[in-house]
Amino acid sequence: MTVQERLQNIEQTIQNACDNARRNREDVNLIAVTKYVSVETTQAAIDAGIVHIGENRIEGLQSKQENIKTDHIKWHFIGTLQSRKVKEIINNIDYLHSLDRLSLAKEINKRAQEPVKCFIQVNVSGEESKHGLVPDDVMTFVQKLKDYPKISVVGLMTMAPYIEDETRIRTIFRDLKELQLSVQKLELPFAPCCELSMGMSNDYHLAVEEGATFIRIGTALVGKEM
Ligand SMILES: *Cc1c(COP(=O)(O)O)cnc(C)c1O
């Protein structure tokens, strides 16, 4: 299948999930995660209509940005970001999906020229291998971000475990949404927190039904070349 054909299938699935949940398709942003594919395949996705590109490594982000000269693209950094690497990318991305500690917020605040749209990464599933804040720590963490004017909390992000149990996956997405609403209700000027970044190749239909506004799809959309 070509990227374009895969995109059509994914679009259909997103539309069905939106219908099931009585949501508008326009409220779901599709990020193509290109970490496993070449510049050429990334370009094919863009030619098929993709606007949001997600990378989890600095080198991957930079090689795509150097070789893709389209200025309407929105760049998402979705991987763990080491504080000492912040300066290399922070002024070249539109969204960061992995804010998970104050030391990172501090470094971003020091290096960013403009406020950075950040998602706080939350480890809802409790898997040890996953990064992110414990859900119970999120409210306190958000309030501390008032000291860092270059951080704008646009929403929360999570990764569900790679399991079959759809009920369990839904519960994780629902918990993230509940937490997002709690933060939104604080009405902090630096944390509008109206977005939910959740859903990957295996579970994005569930994520859309549970309220995702950004879904991050790699394998199902662009495949895996490396
Ligand atoms: C790799 C990755 C994705 C996409 O994973 P697929 O299963 O290939 O769709 C989404 N989010 C993050 C944070 C990732 O690292």
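We count ligands from 1, going down the list as the structure has it; atoms in each ligand are counted the same way. Keep in mind the model is a prediction, meaning the values are calculated, not measured.
- Distances from atom 14 (C) of ligand 1 to the heavy atoms of Met159, Arg216, Arg57, Lys35 show the closest one on Lys35.
- Ranking the protein heavy atoms by distance from atom 9 (O) of ligand 1 puts Ser201 OG, 2.5 Å first.
- Protein heavy atom in closest approach to atom 13 (C) of ligand 1: Ile78 O, 3.5 Å.
- Taking each heavy atom of Leu156 and Phe119 in turn, the nearest pair found is O-CD2, 3.5 Å.
- Taking 4.0 Å as the cut-off between side-chain N and carboxylate O, Glu210 and Lys177 do not count as a salt-bridged pair.
- Minimum interatomic distance between Lys106 and Tyr148 (heavy atoms only, all atoms of both residues): CA-CE2, 3.7 Å.
- Of the protein's non-hydrogen atoms, the one nearest atom 8 (O) of ligand 1 is Thr219 OG1, 2.5 Å.
- Looking at Arg170 and Glu209, a side-chain N of the basic residue comes within less than 4.0 Å of a carboxylate O on the acidic one, giving a salt bridge.
- With ligand atoms numbered from 1 in the order given, ligand 1 contributes 9 (O) to contacts under 4.0 Å with heavy atoms of Ile217.
- Cation-pi geometry between Lys224 and Tyr36 is met: under 6.0 angstrom from the ring centre, within 45 degrees of the axis.
- Under a 4.0 Å criterion applied to the non-hydrogen atoms of Met200, ligand 1 contributes the atoms 3 (C), 5 (O), 7 (O), 9 (O), 10 (C), 11 (N).
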